[in-house]
Amino acid sequence: MIELVGHETPVPSQQQHTGGVRGTSACTPPGVGERTTVLYCPPPPPERPEVAAEINRRVVVWMQGLGLGGEDNVAGVYKHDPGRGITLCHPGSQDVERMTAAGKMIVAETAVDDYFCETNSRRDANDQTIGPNLSLAQSAIDAPRLTPDLQASWNKCRDDHPVLRAQHEAFDDLERIGSPAQAQRIRHDIAQLYLGYNAENGWRLLNRLPPVWQYLANRQMNSFRPCLNLTDALDGYELAPQLYAHPLVQDCTARATLIATLYNDLASCEREIREHGLPFNLPAVIAAEQRIALDEAFVQACEIHNELIQALEEATAEATAALADPALTRYLTGLWSWLAGSRHWHFTTARHRA
């Protein structure tokens with residue numbers, strides 16, 4: 001068994017509203033060796049089970065109205081527990097309406113992945129429809145401007161398909177809680193996410209794994225960036241568009257999203273091996289490229305994570321020093337809080353113990 005030993009990671013910028021995100025982390029993911037490694041990461045924030053349960057309840061009611069309220073789907077939501085993930089990742093948010101909007105978006109994106117992309121027993125591994133379906137999913141949040149007759153055809157397609165309708169309605173909620181600039185930010189992030197989905201499918205069609213550098217380059221797109229970029233909207237403020245677009249801020253955001261996605265790779269590694277013919281995660285890619293045992297590759301993946309998070313510390317300090325702005329400090333702290341909550345959720349959720 002590989003034991004991940006907790007280590008305190010300093011957080012360069014903090015705001016009182018987060019309660020701080022310093023501390024230790026300890027968890028024991030699956031493995032077959034006896035090596036011990038260190039995972040540098042901030043500690044989990046406090047649990048808010050009552051708020052999480054209310055978010056889940058509202059999301060399930062919404063799903064039932066879409067036609068996605070089947071027994072398996074509802075069970076899947078409670079297993080996934082998006083309410084808990086959101087409350088952990090957004091400790092500065094106290095608005096249940098805003099957090100529910102994020103929960104709907106998470107469920108909608110998961111539905112796109114499950115219905116259109118997931119390679120398992122429900123879908124032919126040689127399916128060529130993923131690209132066109134992802135394009136439809138994106139148009140549900142970025143509406144085409146067509147002639148009246150053609151627009152009616154598209155609207156009917158969107159409203160008749162529960163997954164497309166979920167995308168459309170969830171994004172409508174995000175537009176209500178945020179500014180036009182924040183909505184456009186998320187719209188762009190989701191298009192990038194779908195580009196990553198399509199690239200992963202290409203490797204699956206080839207039945208091959210990419211080299212590690214290419215895998216991580218794709219993971220930068222196939223990531224949790226749409227979720228992290230809700231940090232300011234869920235906390236009820238807006239990072240000014242010109243500040244958000246600054247290269248130093250973009251650097252921090254990109255680094256945080258890749259790190260957050262590696263928690264998914266580490267926590268779901270064993271489940272993916274059981275459920276998929278071609279597991280697509282960083283330990284599996286390292287093991288294939290170097291022809292080493294998975295437990296050794298897992299340790300290397302943790303070491304890559306540690307290098308990345310230490311680089312994020314440096315990037316956060318640079319951005320904070322160069323761009324003195326209270327909203328930026330709050331935003332960067334929110335990214336670190338997201339990493340803390342996401343790491344804890346990934347290693348404790350029933351979704352990855354299935």
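Only this structure's heavy atoms are used, side chains among them; waters, hydrogens and symmetry mates stay out.
At distances below 3.5 Å, at least one donor-acceptor pair connects side-chain atoms of Arg98 with backbone N or O atoms of Ala233. At least one donor-acceptor pair closer than 3.5 Å links the side chain of Gln182 to the backbone N or O of Tyr237. In terms of modelled atom types and a separation under 3.5 Å, the side chain of Asn56 and the main chain of Tyr78 share no donor-acceptor contact. With hydrogens and angles disregarded, no donor-acceptor distance shorter than 3.5 Å links the side chain of Glu307 to the backbone of Ile304. Looking only at distances, no side-chain donor or acceptor of Arg291 sits under 3.5 Å from a matching main-chain atom of Glu289. A donor-acceptor contact shorter than 3.5 Å links the side chain of Asp265 to the backbone of Leu282.
In this structure the side chain of Pro45 never reaches within 4.5 angstrom of the side chain of Thr87, judged on heavy atoms. Side-chain contact between Cys41 and Leu339 is absent, with no heavy-atom pair separated by less than 4.5 Å. Here the side chains of Thr329 and Asp325 are not in contact, with every heavy-atom distance at 4.5 Å or above. You'll find the side chain of Gln192 reaches within 4.5 Å of the side chain of His188, heavy atoms only. A heavy-atom distance below 4.5 Å is not found between the side chains of Phe347 and Pro44. By the 4.5 Å heavy-atom criterion applied to side chains, Leu136 and Trp154 are counted as neighbours. For the pair Asn264/Arg219, a side-chain contact is recorded, criterion being any heavy-atom separation below 4.5 Å from C-beta on. The shortest side-chain heavy-atom distance between Met99 and Val51 falls under the 4.5 Å cut-off.
Defined by atom type and a distance below 3.5 Å, a donor-acceptor pair is missing between the side-chain atoms of Gln138 and Gln167. The closest side-chain donor-acceptor pair between Glu109 and Tyr197, if any, does not fall under 3.5 angstrom.
Contact detail for Ala301 and Leu266: the closest heavy-atom pair is CB-CD2, 3.8 Å. Of all the heavy atoms in Ile309 and Tyr40, the pair that sits closest is CD1-O, 3.5 Å. Closest of all the heavy-atom pairs between Tyr215 and Asn281 is OH-CA, 3.2 Å. When all heavy atoms are compared, the tightest approach of Trp338 to His90 is NE1-NE2, 3.4 Å. Of all non-hydrogen atoms in Gly334 and Thr231, the two that sit nearest each other are CA-CG2, 3.6 Å. Considering every non-hydrogen atom in both Val59 and Val107, the closest pair reads CG1-CG2, 3.5 Å.
No path of Ile, Leu, Val, Met, Phe, Trp and Tyr side chains, each step under 4.5 Å between heavy atoms, connects Met221 with Leu258, placing them in separate hydrophobic clusters. Hydrophobic clustering (ILVMFWY, side-chain heavy atoms < 4.5 Å, transitive): Tyr115 and Val77 are in one cluster. In the hydrophobic cluster analysis, where Ile, Leu, Val, Met, Phe, Trp and Tyr join through side-chain heavy atoms closer than 4.5 angstrom, Val212 is grouped together with Trp203. A single hydrophobic cluster is seen to contain both Phe280 and Leu206, as judged by linkage of ILVMFWY side chains at heavy-atom distances under 4.5 Å, directly or through other members. Taken together through direct or relayed side-chain contacts under 4.5 Å among Ile, Leu, Val, Met, Phe, Trp and Tyr, Val96 and Val61 form parts of separate hydrophobic clusters.
Between Asp232 and Arg330 no salt bridge is recorded (no basic side-chain N to carboxylate O distance below 4.0 Å). With respect to the salt-bridge test (charged N to carboxylate O, under 4.0 angstrom), the residues Glu97 and Arg58 qualify. Asp189 and Arg225 are joined by a salt bridge, as a carboxylate oxygen and a charged side-chain nitrogen come within less than 4.0 angstrom of each other. With respect to the salt-bridge test (charged N to carboxylate O, under 4.0 angstrom), the residues Glu175 and Arg187 qualify.
In this structure, His305 has its ring center no closer than 6.0 Å to that of Phe298. For His344 and Tyr263, the distance between ring centers is not under 6.0 angstrom.
The CG atom of Asn229 sits 8.0 Å away from atom OG1 of Thr257, with the distance rounded to the nearest 0.5 Å. Put simply, SG on Cys117 and CZ on Arg204 are 10.0 Å apart, with the number rounded to the nearest 0.5 Å. Considering CD of Glu169 and CG of Asp173, their distance stands at 8.0 Å, rounded to 0.5 Å. Expressed to the nearest 0.5 Å, how far CG of Leu308 lies from OG1 of Thr261 amounts to 11.0 Å. If you take CG on Leu248 and CG on Leu332, they are separated by 10.0 Å, rounding to the nearest 0.5 Å. Between the CG atom of Leu216 and the OG atom of Ser223 there is a distance of 12.0 Å, given to the nearest 0.5 Å.
Judged by the 6.0 Å distance and 45° axis criteria, Arg185 is positioned over the aromatic ring of Tyr244.
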Thr320 vs Leu328, side chain to side chain contact (heavy atoms under 4.5 Å, CB included): CA-CA, chis, key distance, verdict: CA-CA 7 Å; Thr320 302; Leu328 177 61; 5.8 Å; no
Residue pair Ile141, Ile186: steps toward the side chain to side chain contact (heavy atoms under 4.5 Å, CB included) verdict: CA-CA 10 Å; Ile141 66 171; Ile186 303 304; over 6 Å; no
Side chain to side chain contact (heavy atoms under 4.5 Å, CB included) between Leu164 and His168, intermediate numbers included: CA-CA 6 Å; Leu164 299 180; His168 179 67; over 6 Å; no
Side chain to side chain contact (heavy atoms under 4.5 Å, CB included) between Asp235 and Tyr331, intermediate numbers included: CA-CA 9 Å; Asp235 276 9; Tyr331 173 78; over 6 Å; no
Verdict with reasoning, His346 to Phe224, per ring pair (Phe, Tyr, Trp, His ring centres under 6.0 Å): CA-CA 12 Å; His346 272 93; Phe224 293 114; 5.5 Å; yes
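Within 6.0 Å of the CG atom in Asp160, the count of heavy atoms belonging to other residues, nucleotides or ligands exceeds 12.
In this structure Glu47 satisfies the salt bridge (charged side-chain N to carboxylate O under 4.0 Å, His left out) test together with Arg84, sequence neighbours excluded.
Results of the side-chain contact (heavy atoms from CB on, under 4.5 Å) test with Val249 over Leu335, Thr316, Leu239 single out Leu239 as the only residue that passes.
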